[in-house]
Amino acid sequence: MRGDHQTAALLLFSAFVAVTLGITTWVSRHRHGSADEFYTGGRLFSPMENGFAIAGDYMSAASFLGISGVIALFGYDGMLYSVGFLVAWLVVLLLVAELVRNCGRFTLADVVAARMRERPVRIAAGTSSIAVSVFYLVAQMVGAGSLVALLLGGTSEAARTWTVIGVGALMVVYVTLGGMRGTTWIQIVKAVLLMAGTLALTVLVLLRFHGDVNALLTTAAERSGHGADFLSPGLAYGGGWTARLDFISLGLALVLGTAGLPHILSRFYTVPTARAARRSVVWAVALIGGFYLMTIVLGFGAAAVVGTDEVRASSAAGNTAVPLLALDLGGGAGSTGGTVLFAVVAAVAFATILAVVAGITLASSASVAHDLYASLKRPTSRVKSRVRSRTGARAGRRAGPRGEVTVARYAAAGIGAVAIALGLLARDLNVAFLVGLAFAVAASANLPVLLYSLFWRNFTTRGAVWSVYGGLVPAVLLVVFSPVVSGSPEAIFPGRDFQLFPLQNPGLVSIPLGFLAGLLGTALSRERPDEARYAESEVRSLTGAGAV
């Protein structure tokens, strides 16, 4: 990559980082240090603001870089990601958003613990939320590394490594200083930039082909090297029964996983009412729907304008298709237009990564502090009564949240370090594919316990714990023993072979196991369901009576 490209893109990177750090610093001066302020921003955001923030949280590097890259490489089959990511919001809108806002306070565990024994449920749900968040963070780190590798000409592995470390350090700063309020405004700014950049590229692609979509698709098929097969199903998932089952598994994970993502669920607590949460989702669906339609145009546009071979030569996983498309649409390498457009797209992609990792890190650090730390430190009821009698209930209530916020800030640093390490290992995988794994874990571990808690009267504590671990453990183990990690040239460890599971995405097996484990745990439990607490939870979820 030419020096003028590097300079322009790095200047735009620096400008965005400076603006977002300024927002974070400004917000940190106005914070009160309370748990409610840190986790939810004081619940002061309007539905439109929260809808933009949800869209900013959801439209990640997997969406902007990964999906377009998969379509550029595999054509029709790559569109599964766009369709799956969008359809998933129907599940969120119809089953989750309003009920979660009424039942919870900060995290997924709040919803489940409302009618169960708190400690085992919070530990299980907190552990699952952290696992999902780490998988999602790895994808963002890989996207950052691929972007900078393209910017620097792909010659410096050290530069890619330091970029991943730098992204991790920035996300820790955003979370520890700004909390939810700072993170939300960063996501809103990023959503506006991403929608504007994607729309501009889409218009330029359509203008290149004079608005003729048929000419765009025909040219993409010709330059893909696959001919008409590029526009037909089966190029990526038609090689046999294993590939077809992988297709079904990925589809299930994408459609069901969104409703179990911790950083998406936590956004419903930043608005004052359940009605506002529902309206937030409507705003988000409108923005996200338009965005994913445009990623289809960008994917086929990259195949038609840049060429599939050139995209694969730059990044075997296709993660650099959109920046290469921008460079070509602007006039090609060496042109002023190409330099400017490439720099803008690269900066928008980098902004996308920074905003999303901040939201995910905040959600996972909240799980560490509010669920794991608070559960392990929470005294028994007898000790509680003695403490309150000596120091007063009011003082006892104040001590916990302050300590939780401190723990959350330290947890952000620890989670960032883990994500950096895993991101460096998985740097050659497609970011959309990596997010598909995160969705599979979320759909396996979080969605079953969430739906059972909201809709099943006889659900018990043992059923909740078994449901979480019954989905989480198989999902993670199946990924470890899948072709993703070993046994194939594209694996994380290509020189090793301990592959036992043939599918790349575990959702087809692990999602049913999560639901089955919840059923078995409840059936084998000696605990009697608490009818009164379920009735209270049901009324609260449906009407909002007693909601925070």
Side-chain angles (χ1 to χ4, degrees), residues 54 88-118 120-122 124-126 128-129 132 252 255-269 271 273-281 363 367 370-371 439 441-472 511-523 525 527-548:
I54 290 173
W89 279 96
L90 296 178
V91 179
V92 178
L93 178 62
L94 297 176
L95 295 179
V96 172
E98 189 172 355
L99 304 183
V100 166
R101 173 61 187 82
N102 285 336
C103 287
R105 188 182 179 195
F106 299 136
T107 64
L108 165 68
D110 289 335
V111 179
V112 184
R115 48 179 292 223
M116 310 289 178
R117 286 186 287 116
E118 285 201 33
V121 167
R122 285 192 180 278
S128 172
S129 295
V132 173
L252 282 174
V255 172
L256 299 178
T258 301
L261 293 176
H263 66 291
I264 297 298
L265 295 176
S266 66
R267 293 237 55 93
F268 299 136
Y269 302 128
V271 289
T273 64
R275 182 170 180 267
R278 187 174 63 252
R279 291 174 61 196
S280 297
V281 176
S367 294
H370 185 63
D371 298 328
F439 274 59
V441 178
S444 304
N446 290 348
L447 184 64
V449 71
L450 180 61
L451 294 183
Y452 281 150
S453 298
L454 291 173
F455 300 110
W456 188 13
R457 181 181 300 273
N458 295 324
F459 197 42
T460 63
T461 301
R462 177 178 289 183
V465 174
W466 282 29
S467 180
V468 172
Y469 291 128
L472 176 64
I511 294 173
L513 286 178
F515 281 99
L516 179 62
L519 286 171
L520 291 177
T522 299
S525 175
E527 173 190 1
R528 297 187 62 181
D530 192 327
E531 295 285 343
R533 292 182 70 179
Y534 174 77
E536 178 184 351
S537 176
E538 184 179 35
V539 170
R540 180 176 172 180
S541 66
L542 295 176
T543 67
V548 178

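Note that this is a predicted model, so its numbers are computed, not measured.
In this structure a side-chain-to-backbone donor-acceptor pair under 3.5 Å is present from Ser467 to Gly514.
For Ser128, the side-chain hydrogen bond (donor to acceptor under 3.5 Å, both in side chains) partners two or more places apart in sequence, or in a different chain, are Asn446. Residues satisfying the salt bridge (Lys or Arg N to Asp or Glu O under 4.0 Å) test with Arg275, not counting sequence neighbours, are none. Annotation: side-chain hydrogen bond (donor to acceptor under 3.5 Å, both in side chains) contacts of Ser266 (sequence neighbours excluded): none. Arg457 is linked by a side-chain hydrogen bond (donor to acceptor under 3.5 Å, both in side chains) to Glu531, counting only residues two or more places apart in sequence or in another chain. Applying the side-chain hydrogen bond (donor to acceptor under 3.5 Å, both in side chains) test to Ser444 and every residue at least two apart in sequence or in another chain returns Ser510.
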Pairs under 3.5 angstrom only: tabulate donor-acceptor contacts from the side chains of residues 447-454 to other protein residues two or more places apart or in another chain.
residue: Tyr452; atom: OH; partner: Phe515; partner atom: O; Å: 2.8
residue: Ser453; atom: OG; partner: Val449; partner atom: O; Å: 2.7

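Atoms CZ and CZ, from Arg117 and Arg462 in turn, are 8.5 Å apart once rounded to the nearest 0.5 Å. Between Thr273 atom OG1 and Arg279 atom CZ the span is 8.0 Å, to the nearest 0.5 Å.
Here the shortest heavy-atom pairing between Met116 and Phe459 reads CE-CD2, 3.3 Å. The shortest heavy-atom contact between Ala464 and Val121 is CB-CG2, 4.1 Å. Nearest heavy-atom pair, Ser367 versus Gly126, reported as atom, atom and distance to 0.1 Å: CB-O, 4.0 Å. Closest of all the heavy-atom pairs between Ser280 and Val271 is OG-CG1, 3.7 Å. Of all non-hydrogen atoms in Gly470 and Leu513, the two that sit nearest each other are O-CB, 3.7 Å.
Looking only at atom types and distance, the side chain of Glu527 has no donor-acceptor partner in the side chain of Thr460 under 3.5 Å away.
Side-chain contact between Val132 and Pro262: present, with at least one pair of heavy atoms (C-beta onward) separated by less than 4.5 Å. Between Trp466 and Thr522, every side-chain heavy-atom pair lies at or beyond the 4.5 Å cut-off.
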